[in-house]
Amino acid sequence: MTIRAYQESDLPHIQRMWKEIGWATGPEEQAAMEWYVDEADVAVGLINGEAEALAAVHNGTIRYLDTDLDLACVTAVTTSLVGRKQGLATGTTARVVANALDRGIHVAALGMFEQGFYDRLGFGTSAYTNQMIFDPSSLTVDAPYRTPTRLGAEDWEEIHAAHLRRKRSHGGVALTPPTYTKAELATDSDGAGWGYYEGDRLTHFIWAVKREYSGPLAITLMSYETPEQILELLALVREFGDQIRSVKMVEPPEIQLHDLLRHPIRQRIQTAKSPHEARHQALAWWQLRILDLDHVVSQRSWDGDEITFNLDLADPLNSYGDGIGLSGQYRVTIAKNSHVEPGPDPSAPTMTASINALSRMWFGVHPASSLALTDRLQAPSALLARLDEAFLLPSPHPGMFF
Ligand SMILES: CC(C)(COP(=O)(O)OP(=O)(O)OC[C@H]1O[C@@H](n2cnc3c(N)ncnc32)[C@H](O)[C@@H]1OP(=O)(O)O)[C@@H](O)C(=O)NCCC(=O)NCCS
(Lines give C-alpha, C1' and ligand atoms only; values in the text may rest on other atoms or scores of the structure.)
Protein backbone atom coordinates (compact mmCIF):
# COMPACT_ATOMS: atom_id res chain seq x y z
CA MET A 1 0.00 0.00 0.00
CA THR A 2 1.47 3.36 -1.03
CA ILE A 3 0.17 6.55 0.51
CA ARG A 4 1.61 9.93 -0.35
CA ALA A 5 0.69 13.61 -0.57
CA TYR A 6 -1.58 14.63 -3.46
CA GLN A 7 0.07 16.00 -6.62
CA GLU A 8 -1.54 17.91 -9.49
CA SER A 9 -1.10 14.89 -11.77
CA ASP A 10 -3.53 12.94 -9.52
CA LEU A 11 -6.46 15.18 -10.51
CA PRO A 12 -7.81 12.99 -13.38
CA HIS A 13 -7.64 9.94 -11.11
CA ILE A 14 -9.51 11.52 -8.21
CA GLN A 15 -12.08 12.91 -10.68
CA ARG A 16 -12.54 9.38 -12.05
CA MET A 17 -12.94 8.07 -8.48
CA TRP A 18 -15.60 10.63 -7.49
CA LYS A 19 -17.50 9.97 -10.72
CA GLU A 20 -17.40 6.24 -10.06
CA ILE A 21 -18.73 6.55 -6.48
CA GLY A 22 -21.37 9.15 -7.43
CA TRP A 23 -19.93 12.09 -5.50
CA ALA A 24 -19.13 14.30 -8.51
CA THR A 25 -20.94 13.10 -11.61
CA GLY A 26 -21.72 16.28 -13.58
CA PRO A 27 -19.25 18.57 -15.36
CA GLU A 28 -19.60 21.37 -12.75
CA GLU A 29 -18.87 18.98 -9.89
CA GLN A 30 -15.90 17.48 -11.73
CA ALA A 31 -14.46 20.93 -12.46
CA ALA A 32 -15.00 22.05 -8.83
CA MET A 33 -12.70 19.27 -7.59
CA GLU A 34 -9.73 21.36 -8.63
CA TRP A 35 -10.82 24.13 -6.21
CA TYR A 36 -11.74 21.58 -3.59
CA VAL A 37 -8.18 20.20 -3.32
CA ASP A 38 -6.51 23.57 -3.93
CA GLU A 39 -5.98 24.60 -0.27
CA ALA A 40 -6.46 21.24 1.43
CA ASP A 41 -3.99 18.78 2.89
CA VAL A 42 -4.76 15.75 0.74
CA ALA A 43 -3.27 12.26 0.99
CA VAL A 44 -3.87 9.73 -1.78
CA GLY A 45 -3.64 5.95 -1.77
CA LEU A 46 -2.11 4.44 -4.89
CA ILE A 47 -2.75 1.21 -6.77
CA ASN A 48 -0.50 0.63 -9.79
CA GLY A 49 0.75 4.19 -9.41
CA GLU A 50 -2.73 5.76 -9.73
CA ALA A 51 -4.74 7.48 -6.99
CA GLU A 52 -7.61 5.18 -5.95
CA ALA A 53 -8.29 6.70 -2.51
CA LEU A 54 -8.17 10.15 -0.95
CA ALA A 55 -8.53 11.85 2.42
CA ALA A 56 -8.64 15.65 2.65
CA VAL A 57 -8.31 18.10 5.51
CA HIS A 58 -9.37 21.75 5.31
CA ASN A 59 -8.09 24.05 8.03
CA GLY A 60 -10.42 26.12 10.12
CA THR A 61 -11.43 26.93 13.65
CA ILE A 62 -13.85 25.44 16.15
CA ARG A 63 -15.29 27.55 18.97
CA TYR A 64 -14.66 26.26 22.50
CA LEU A 65 -16.94 28.36 24.74
CA ASP A 66 -15.67 31.84 23.77
CA THR A 67 -12.31 31.04 22.17
CA ASP A 68 -11.34 29.63 18.79
CA LEU A 69 -9.26 26.46 18.54
CA ASP A 70 -7.40 25.49 15.38
CA LEU A 71 -9.32 22.80 13.55
CA ALA A 72 -8.34 20.15 11.02
CA CYS A 73 -11.62 19.25 9.36
CA VAL A 74 -11.58 15.99 7.43
CA THR A 75 -13.95 17.01 4.63
CA ALA A 76 -13.64 13.92 2.41
CA VAL A 77 -12.60 10.29 2.62
CA THR A 78 -13.21 8.12 -0.43
CA THR A 79 -11.93 4.97 -2.07
CA SER A 80 -12.76 3.98 -5.66
CA LEU A 81 -14.67 0.77 -6.29
CA VAL A 82 -11.44 -0.99 -7.28
CA GLY A 83 -9.48 0.12 -4.22
CA ARG A 84 -11.75 -0.96 -1.37
CA LYS A 85 -10.90 -3.14 1.65
CA GLN A 86 -7.16 -2.63 1.36
CA GLY A 87 -6.88 -0.11 4.18
CA LEU A 88 -6.54 2.87 1.81
CA ALA A 89 -9.25 5.02 3.38
CA THR A 90 -7.99 4.29 6.87
CA GLY A 91 -4.36 4.86 5.86
CA THR A 92 -4.97 8.16 4.03
CA THR A 93 -7.16 9.47 6.88
CA ALA A 94 -4.56 8.47 9.47
CA ARG A 95 -1.96 10.33 7.39
CA VAL A 96 -3.86 13.65 7.20
CA VAL A 97 -4.83 13.48 10.89
CA ALA A 98 -1.18 12.78 11.84
CA ASN A 99 -0.10 15.70 9.64
CA ALA A 100 -2.51 17.97 11.52
CA LEU A 101 -1.13 16.75 14.84
CA ASP A 102 2.41 17.49 13.60
CA ARG A 103 1.34 20.97 12.51
CA GLY A 104 0.16 21.71 16.06
CA ILE A 105 -3.56 21.86 15.18
CA HIS A 106 -5.67 21.59 18.34
CA VAL A 107 -8.72 19.53 17.30
CA ALA A 108 -9.89 17.38 14.37
CA ALA A 109 -13.50 16.88 13.27
CA LEU A 110 -15.35 15.08 10.48
CA GLY A 111 -18.78 14.06 9.22
CA MET A 112 -19.15 10.29 9.43
CA PHE A 113 -20.73 7.85 6.99
CA GLU A 114 -21.12 5.44 9.93
CA GLN A 115 -20.09 5.23 13.54
CA GLY A 116 -17.10 3.00 14.24
CA PHE A 117 -14.89 3.60 11.22
CA TYR A 118 -13.25 6.78 12.50
CA ASP A 119 -13.37 5.61 16.13
CA ARG A 120 -10.34 3.59 15.07
CA LEU A 121 -8.46 6.91 14.70
CA GLY A 122 -9.58 8.37 18.03
CA PHE A 123 -12.78 10.18 16.96
CA GLY A 124 -15.79 10.20 19.28
CA THR A 125 -19.39 10.92 18.34
CA SER A 126 -20.47 14.48 19.01
CA ALA A 127 -23.82 15.97 20.02
CA TYR A 128 -27.08 15.62 18.11
CA THR A 129 -28.05 18.27 15.59
CA ASN A 130 -31.76 19.12 15.48
CA GLN A 131 -33.12 19.25 11.96
CA MET A 132 -36.72 20.33 11.37
CA ILE A 133 -39.01 20.02 8.36
CA PHE A 134 -42.02 22.34 8.61
CA ASP A 135 -44.52 24.41 6.66
CA PRO A 136 -42.86 27.85 6.27
CA SER A 137 -46.23 29.61 6.33
CA SER A 138 -46.67 28.33 9.91
CA LEU A 139 -43.74 30.46 11.14
CA THR A 140 -45.03 32.95 13.70
CA VAL A 141 -41.79 34.93 13.80
CA ASP A 142 -42.42 38.54 14.78
CA ALA A 143 -40.11 40.29 12.32
CA PRO A 144 -40.92 42.43 9.28
CA TYR A 145 -40.18 41.16 5.77
CA ARG A 146 -37.57 42.99 3.69
CA THR A 147 -36.78 42.31 0.05
CA PRO A 148 -33.57 40.25 -0.04
CA THR A 149 -30.66 40.38 -2.47
CA ARG A 150 -30.22 37.33 -4.69
CA LEU A 151 -26.96 35.36 -4.29
CA GLY A 152 -25.44 32.83 -6.65
CA ALA A 153 -22.40 30.55 -6.76
CA GLU A 154 -20.51 33.44 -8.43
CA ASP A 155 -20.81 35.38 -5.12
CA TRP A 156 -18.65 32.77 -3.35
CA GLU A 157 -16.10 35.31 -2.08
CA GLU A 158 -18.71 37.41 -0.26
CA ILE A 159 -20.53 34.33 0.99
CA HIS A 160 -17.28 32.89 2.30
CA ALA A 161 -16.33 36.14 4.08
CA ALA A 162 -19.80 36.39 5.65
CA HIS A 163 -19.64 32.77 6.77
CA LEU A 164 -16.28 33.39 8.49
CA ARG A 165 -17.66 36.53 10.23
CA ARG A 166 -20.83 34.81 11.36
CA LYS A 167 -21.90 34.40 14.98
CA ARG A 168 -20.72 31.04 16.28
CA SER A 169 -21.53 29.38 19.56
CA HIS A 170 -19.78 26.51 21.38
CA GLY A 171 -18.67 23.96 18.74
CA GLY A 172 -19.21 26.43 15.87
CA VAL A 173 -17.00 25.60 12.88
CA ALA A 174 -15.58 27.88 10.19
CA LEU A 175 -13.39 26.53 7.39
CA THR A 176 -10.77 29.04 6.30
CA PRO A 177 -9.91 28.28 2.62
CA PRO A 178 -12.14 30.35 0.28
CA THR A 179 -11.78 27.68 -2.41
CA TYR A 180 -13.64 25.24 -0.14
CA THR A 181 -16.72 27.47 -0.25
CA LYS A 182 -16.23 28.08 -3.97
CA ALA A 183 -16.19 24.34 -4.67
CA GLU A 184 -19.16 23.60 -2.37
CA LEU A 185 -21.39 26.26 -4.00
CA ALA A 186 -20.39 25.29 -7.52
CA THR A 187 -21.23 21.61 -7.08
CA ASP A 188 -24.98 22.04 -6.70
CA SER A 189 -26.55 23.68 -9.74
CA ASP A 190 -29.95 23.80 -7.92
CA GLY A 191 -28.48 25.89 -5.08
CA ALA A 192 -29.28 29.58 -4.59
CA GLY A 193 -29.06 32.15 -1.83
CA TRP A 194 -30.83 35.24 -0.50
CA GLY A 195 -29.39 37.69 1.95
CA TYR A 196 -29.09 41.19 3.31
CA TYR A 197 -26.31 43.77 3.13
CA GLU A 198 -25.25 46.64 5.34
CA GLY A 199 -23.45 48.86 2.86
CA ASP A 200 -21.04 46.54 1.06
CA ARG A 201 -21.04 43.89 3.76
CA LEU A 202 -23.17 40.78 3.42
CA THR A 203 -24.40 40.40 7.02
CA HIS A 204 -26.86 37.50 6.88
CA PHE A 205 -28.10 35.03 4.32
CA ILE A 206 -29.49 31.59 3.64
CA TRP A 207 -28.31 29.21 0.93
CA ALA A 208 -30.81 26.57 -0.10
CA VAL A 209 -31.49 23.80 -2.57
CA LYS A 210 -34.94 23.22 -4.06
CA ARG A 211 -35.62 20.35 -6.43
CA GLU A 212 -39.42 20.64 -6.81
CA TYR A 213 -41.68 23.66 -7.42
CA SER A 214 -43.32 23.45 -4.00
CA GLY A 215 -40.34 22.19 -2.01
CA PRO A 216 -38.96 20.84 0.19
CA LEU A 217 -36.54 23.76 0.25
CA ALA A 218 -33.45 22.51 2.09
CA ILE A 219 -31.47 25.29 3.75
CA THR A 220 -27.89 24.06 3.65
CA LEU A 221 -26.13 27.18 4.93
CA MET A 222 -27.29 29.97 7.23
CA SER A 223 -25.16 32.88 8.42
CA TYR A 224 -25.91 35.78 10.70
CA GLU A 225 -23.87 38.15 12.84
CA THR A 226 -26.53 38.86 15.48
CA PRO A 227 -29.36 36.73 16.90
CA GLU A 228 -31.93 39.30 15.65
CA GLN A 229 -30.81 38.56 12.10
CA ILE A 230 -31.99 34.95 12.50
CA LEU A 231 -35.50 36.32 12.93
CA GLU A 232 -35.23 38.34 9.73
CA LEU A 233 -34.06 35.25 7.84
CA LEU A 234 -37.00 33.28 9.25
CA ALA A 235 -39.37 36.07 8.19
CA LEU A 236 -37.95 35.68 4.68
CA VAL A 237 -38.54 31.92 4.79
CA ARG A 238 -42.10 32.54 6.05
CA GLU A 239 -42.87 34.62 2.95
CA PHE A 240 -41.65 31.80 0.68
CA GLY A 241 -44.66 29.92 2.11
CA ASP A 242 -46.95 31.27 -0.62
CA GLN A 243 -45.30 28.78 -2.95
CA ILE A 244 -43.20 26.43 -0.85
CA ARG A 245 -44.99 23.85 1.31
CA SER A 246 -42.03 22.55 3.33
CA VAL A 247 -38.63 23.78 4.47
CA LYS A 248 -35.86 21.68 5.96
CA MET A 249 -33.37 23.43 8.22
CA VAL A 250 -31.04 22.89 11.13
CA GLU A 251 -32.20 24.54 14.32
CA PRO A 252 -29.84 27.43 15.16
CA PRO A 253 -28.36 27.08 18.67
CA GLU A 254 -29.85 30.41 19.83
CA ILE A 255 -33.50 29.44 19.39
CA GLN A 256 -35.92 26.56 19.87
CA LEU A 257 -37.78 26.48 16.55
CA HIS A 258 -40.92 25.10 18.24
CA ASP A 259 -41.38 28.55 19.78
CA LEU A 260 -41.89 29.97 16.28
CA LEU A 261 -44.10 27.27 14.70
CA ARG A 262 -47.90 27.27 14.70
CA HIS A 263 -49.28 23.81 15.55
CA PRO A 264 -46.03 21.83 15.07
CA ILE A 265 -47.59 18.56 16.27
CA ARG A 266 -50.75 18.96 14.20
CA GLN A 267 -48.50 19.54 11.16
CA ARG A 268 -46.70 16.27 11.83
CA ILE A 269 -49.94 14.30 12.00
CA GLN A 270 -51.57 16.01 9.00
CA THR A 271 -48.56 15.66 6.72
CA ALA A 272 -47.55 12.09 7.69
CA LYS A 273 -46.28 10.09 4.69
CA SER A 274 -46.61 13.08 2.30
CA PRO A 275 -43.63 14.55 0.36
CA HIS A 276 -43.89 17.52 2.75
CA GLU A 277 -43.99 15.46 5.94
CA ALA A 278 -43.22 17.71 8.92
CA ARG A 279 -40.54 16.11 11.07
CA HIS A 280 -38.06 16.73 13.81
CA GLN A 281 -34.88 14.70 13.38
CA ALA A 282 -31.99 14.48 15.82
CA LEU A 283 -28.86 13.59 13.86
CA ALA A 284 -25.56 12.34 15.30
CA TRP A 285 -23.57 13.01 12.14
CA TRP A 286 -20.19 14.43 13.24
CA GLN A 287 -17.27 13.34 15.37
CA LEU A 288 -14.32 15.09 16.94
CA ARG A 289 -11.06 14.38 18.70
CA ILE A 290 -8.44 16.34 20.61
CA LEU A 291 -5.03 16.60 18.89
CA ASP A 292 -3.20 19.03 21.21
CA LEU A 293 -4.02 17.87 24.75
CA ASP A 294 -2.11 20.65 26.56
CA HIS A 295 -3.78 23.43 24.62
CA VAL A 296 -7.31 22.03 24.72
CA VAL A 297 -7.09 21.30 28.46
CA SER A 298 -5.93 24.87 29.11
CA GLN A 299 -9.13 26.23 27.52
CA ARG A 300 -11.40 24.98 30.33
CA SER A 301 -11.13 27.73 32.92
CA TRP A 302 -12.95 26.50 36.05
CA ASP A 303 -13.81 28.74 39.01
CA GLY A 304 -14.93 25.88 41.26
CA ASP A 305 -12.69 23.85 43.58
CA GLU A 306 -9.57 22.63 41.79
CA ILE A 307 -9.79 19.04 40.43
CA THR A 308 -6.60 16.97 39.95
CA PHE A 309 -6.51 13.46 38.53
CA ASN A 310 -4.19 11.04 36.79
CA LEU A 311 -5.12 10.32 33.20
CA ASP A 312 -4.22 6.96 31.69
CA LEU A 313 -4.97 7.83 28.08
CA ALA A 314 -5.27 5.43 25.12
CA ASP A 315 -5.12 6.87 21.59
CA PRO A 316 -5.75 4.41 18.73
CA LEU A 317 -3.76 6.72 16.41
CA ASN A 318 -0.59 5.43 18.14
CA SER A 319 -0.97 2.13 16.29
CA TYR A 320 -0.67 3.90 12.91
CA GLY A 321 2.94 5.03 13.23
CA ASP A 322 5.80 5.75 15.57
CA GLY A 323 5.52 8.90 17.61
CA ILE A 324 1.97 9.86 16.60
CA GLY A 325 -0.95 9.76 19.00
CA LEU A 326 -1.48 10.91 22.56
CA SER A 327 -1.36 7.60 24.50
CA GLY A 328 0.37 8.09 27.84
CA GLN A 329 0.21 8.87 31.53
CA TYR A 330 -0.69 12.42 32.48
CA ARG A 331 -1.70 14.46 35.50
CA VAL A 332 -4.54 16.85 34.71
CA THR A 333 -5.52 19.86 36.82
CA ILE A 334 -8.81 21.63 36.17
CA ALA A 335 -8.71 25.10 37.69
CA LYS A 336 -8.70 28.76 36.69
CA ASN A 337 -5.56 27.90 34.67
CA SER A 338 -6.13 24.26 33.74
CA HIS A 339 -3.05 22.32 32.66
CA VAL A 340 -1.48 18.93 31.97
CA GLU A 341 1.78 17.59 33.41
CA PRO A 342 3.50 14.24 33.07
CA GLY A 343 1.91 11.72 35.46
CA PRO A 344 1.06 9.88 37.52
CA ASP A 345 0.72 11.35 41.02
CA PRO A 346 0.15 8.50 43.54
CA SER A 347 -2.03 10.72 45.76
CA ALA A 348 -4.55 11.61 43.00
CA PRO A 349 -7.46 9.48 41.71
CA THR A 350 -7.03 7.94 38.24
CA MET A 351 -9.18 8.13 35.13
CA THR A 352 -8.63 5.55 32.39
CA ALA A 353 -9.98 6.83 29.09
CA SER A 354 -9.71 6.67 25.32
CA ILE A 355 -9.03 9.96 23.53
CA ASN A 356 -12.41 9.42 21.83
CA ALA A 357 -14.33 9.52 25.15
CA LEU A 358 -12.14 12.22 26.71
CA SER A 359 -12.76 14.50 23.69
CA ARG A 360 -16.52 14.01 24.13
CA MET A 361 -16.29 14.92 27.81
CA TRP A 362 -14.07 17.95 27.20
CA PHE A 363 -16.47 19.43 24.64
CA GLY A 364 -19.54 18.81 26.80
CA VAL A 365 -21.06 16.24 24.41
CA HIS A 366 -21.98 14.03 27.37
CA PRO A 367 -21.21 14.04 31.11
CA ALA A 368 -18.30 11.95 32.43
CA SER A 369 -20.66 9.80 34.53
CA SER A 370 -22.71 8.91 31.41
CA LEU A 371 -19.60 8.18 29.32
CA ALA A 372 -18.50 5.85 32.13
CA LEU A 373 -21.62 3.77 31.38
CA THR A 374 -21.28 3.49 27.61
CA ASP A 375 -17.82 4.59 26.44
CA ARG A 376 -14.19 3.94 27.34
CA LEU A 377 -13.90 6.21 30.37
CA GLN A 378 -13.59 4.90 33.91
CA ALA A 379 -12.94 6.81 37.14
CA PRO A 380 -13.96 6.70 40.82
CA SER A 381 -17.53 7.96 41.25
CA ALA A 382 -16.45 10.97 43.35
CA LEU A 383 -14.18 12.16 40.51
CA LEU A 384 -16.92 11.56 37.91
CA ALA A 385 -19.36 13.67 39.95
CA ARG A 386 -16.91 16.58 40.12
CA LEU A 387 -16.18 16.33 36.39
CA ASP A 388 -19.91 16.35 35.63
CA GLU A 389 -20.04 19.72 37.36
CA ALA A 390 -16.92 21.15 35.66
CA PHE A 391 -18.04 20.14 32.17
CA LEU A 392 -21.67 21.23 32.26
CA LEU A 393 -21.21 23.04 28.93
CA PRO A 394 -23.57 24.05 26.12
CA SER A 395 -24.11 21.34 23.53
CA PRO A 396 -21.52 21.76 20.73
CA HIS A 397 -23.14 22.95 17.50
CA PRO A 398 -21.01 23.22 14.31
CA GLY A 399 -23.50 25.46 12.49
CA MET A 400 -22.60 23.93 9.13
CA PHE A 401 -22.32 20.50 7.53
CA PHE A 402 -18.91 19.22 6.43
C1 LIG B 1 -16.09 4.31 3.39
C2 LIG B 1 -14.94 4.05 2.44
C3 LIG B 1 -14.13 5.32 2.33
C4 LIG B 1 -14.09 2.90 2.97
O5 LIG B 1 -13.00 2.72 2.09
P6 LIG B 1 -11.97 1.48 2.18
O7 LIG B 1 -10.70 1.93 1.54
O8 LIG B 1 -12.61 0.26 1.68
O9 LIG B 1 -11.76 1.36 3.76
P10 LIG B 1 -10.56 0.62 4.49
O11 LIG B 1 -10.05 -0.48 3.63
O12 LIG B 1 -9.57 1.60 4.99
O13 LIG B 1 -11.30 0.06 5.75
C14 LIG B 1 -12.20 -0.99 5.61
C15 LIG B 1 -12.36 -1.60 6.97
O16 LIG B 1 -13.18 -0.74 7.77
C17 LIG B 1 -14.16 -1.53 8.40
N18 LIG B 1 -15.34 -0.75 8.65
C19 LIG B 1 -16.23 -0.29 7.78
N20 LIG B 1 -17.21 0.36 8.43
C21 LIG B 1 -16.90 0.29 9.73
C22 LIG B 1 -17.54 0.74 10.90
N23 LIG B 1 -18.67 1.41 10.86
N24 LIG B 1 -16.95 0.48 12.09
C25 LIG B 1 -15.80 -0.19 12.17
N26 LIG B 1 -15.15 -0.65 11.09
C27 LIG B 1 -15.71 -0.41 9.89
C28 LIG B 1 -14.44 -2.62 7.36
O29 LIG B 1 -15.06 -3.73 7.97
C30 LIG B 1 -13.06 -2.94 6.88
O31 LIG B 1 -12.41 -3.79 7.80
P32 LIG B 1 -11.55 -5.06 7.27
O33 LIG B 1 -10.49 -4.47 6.40
O34 LIG B 1 -11.05 -5.66 8.52
O35 LIG B 1 -12.53 -5.87 6.50
C36 LIG B 1 -15.49 3.64 1.04
O37 LIG B 1 -16.44 2.62 1.20
C38 LIG B 1 -16.14 4.78 0.28
O39 LIG B 1 -15.45 5.51 -0.44
N40 LIG B 1 -17.48 4.95 0.38
C41 LIG B 1 -18.21 6.00 -0.32
C42 LIG B 1 -17.85 7.39 0.16
C43 LIG B 1 -18.04 7.57 1.65
O44 LIG B 1 -19.08 7.28 2.22
N45 LIG B 1 -16.99 8.10 2.30
C46 LIG B 1 -16.98 8.37 3.71
C47 LIG B 1 -17.28 9.78 3.97
S48 LIG B 1 -17.40 10.12 5.70
Side-chain angles (χ1 to χ4, degrees), residues 1-4 6 10-11 13-26 29-30 32-33 36-37 40-58 60 62 71-100 107-129 131 173 175 180 183-184 187-188 220 283-289 314-321 324-325 354-357 359-360 374-376 398 400-402:
M1 175 169 69
T2 307
I3 289 172
R4 61 153 169 77
Y6 169 82
D10 296 323
L11 185 64
H13 300 139
I14 65 168
Q15 285 172 320
R16 175 180 66 185
M17 167 168 52
W18 279 21
K19 194 167 193 172
E20 184 174 83
I21 67 167
W23 268 29
T25 44
E29 292 166 311
Q30 286 274 304
M33 286 185 72
Y36 176 77
V37 294
D41 179 27
V42 182
V44 290
L46 304 181
I47 297 177
N48 298 329
E50 296 186 348
E52 297 286 0
L54 153 171
V57 154
H58 283 87
I62 184 166
L71 176 71
C73 190
V74 183
T75 51
V77 177
T78 58
T79 301
S80 72
L81 293 178
V82 302
R84 299 224 168 144
K85 301 288 170 146
Q86 301 178 42
L88 290 179
T90 310
T92 49
T93 311
R95 172 68 68 91
V96 290
V97 172
N99 288 350
V107 176
L110 50 79
M112 57 173 156
F113 69 95
E114 181 52 284
Q115 193 165 278
F117 190 82
Y118 301 106
D119 293 46
R120 302 173 307 148
L121 299 173
F123 288 85
T125 298
S126 192
Y128 296 126
T129 294
Q131 186 166 263
V173 167
L175 299 186
Y180 175 80
E184 284 289 304
T187 48
D188 205 329
T220 52
L283 311 171
W285 65 272
W286 68 292
Q287 296 192 308
L288 82 174
R289 61 155 292 155
D315 184 349
L317 200 56
N318 280 83
S319 59
Y320 289 91
I324 59 163
S354 64
I355 188 66
N356 319 47
S359 303
R360 299 175 78 194
T374 57
D375 206 341
R376 284 188 59 200
M400 64 181 287
F401 287 110
F402 40 79

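Both counts, for ligands and for their atoms, begin at 1 and track the order of listing. What you are looking at is a predicted structure, and each value in this text was computed from that prediction instead of being measured.
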Heavy-atom pair with the smallest gap, counting every atom of T92 and A43: CG2-O, 3.7 Å
Is there a protein heavy atom at a distance of less than 4.0 Å from atom 6 (P) of ligand 1? yes
Any side-chain heavy atom of Q86 sitting closer than 4.5 Å to one from I47? yes
Rounded to the nearest 0.5 Å, what's the gap from CZ on R84 to OG1 on T78? Could you check? 8.5 Å
Where is the nearest protein heavy atom to atom 35 (O) of ligand 1: which residue, which atom, and how far? K85 CD, 4.2 Å
What atoms of ligand 1 come within less than 4.0 Å of a heavy atom belonging to G87? 10 (P), 11 (O), 12 (O)
Any H13 side-chain heavy atom under 4.5 Å of L46 side chain: no
Atom 42 (C) of ligand 1: which of W286, W18, F113, W23 has the nearest heavy atom? W23
Smallest separation among heavy atoms of T75 and H58, with atom names: OG1-ND1, 2.8 Å
Residue A89 vicinity, atoms of ligand 1 by number, heavy atom under 4.0 Å: 3 (C), 4 (C), 5 (O), 6 (P), 7 (O), 9 (O), 12 (O)
For atom 37 (O) of ligand 1, state which one of M112, M1, R84 supplies the nearest heavy atom. R84
Per-residue contact class, Q115 against ligand 1 - non-hydrogen pairs under 4.0 Å: backbone
Distance to 0.1 Å, residue and atom name: give those for the protein heavy atom nearest to atom 39 (O) of ligand 1. T79 N, 2.9 Å
Per-atom contacts, ligand 1 versus T90 - under 4.0 Å to a heavy atom: 10 (P), 12 (O), 13 (O)
Can you confirm whether V77 sits close enough to F113 that some side-chain heavy atom of one is under 4.5 Å from a side-chain heavy atom of the other? no
Close aromatic pair by centroid cut-off 6.0 Å: Y36 and W18: yes
Can you sort out which atoms of ligand 1 are near Q86, meaning under 4.0 Å from one of its heavy atoms? 11 (O)
Does G111 reach ligand 1, in the sense of a heavy atom lying below 4.0 Å from it? yes
Side chain, backbone, both or neither: Y118 near ligand 1, heavy atoms under 4.0 Å: side chain
Using only atom types and a distance under 3.5 Å, with no angle test, would you say the side chain of Q15 pairs donor to acceptor with the backbone of Q30? yes
Go through ligand 1 atom by atom and flag the ones less than 4.0 Å from a non-hydrogen atom of E114. 23 (N)
Is the shortest heavy-atom distance from the side chain of Y118 to the side chain of V74 under 4.5 Å? no
Need the ligand 1 atom indices (1-based, order shown) with element for anything under 4.0 Å from a heavy-atom of L88. 7 (O), 11 (O), 12 (O)
Considering only heavy atoms of R120, which atoms of ligand 1 have at least one such atom less than 4.0 Å away? 16 (O)
So, do I355 and P316 sit near enough that their side-chain heavy atoms are less than 4.5 Å apart? yes
Any idea which heavy atoms bring F401 and Y180 closest together, and the distance? O-OH, 4.3 Å
Considering both backbone and side-chain atoms of F117, is one of its nitrogen or oxygen atoms within less than 3.5 Å of a nitrogen or oxygen in ligand 1? yes
Has ligand 1 got any nitrogen or oxygen that is less than 3.5 angstrom from a nitrogen or oxygen of V77? yes
So, for atom 33 (O) of ligand 1, does the protein have a heavy atom nearer than 4.0 Å? no
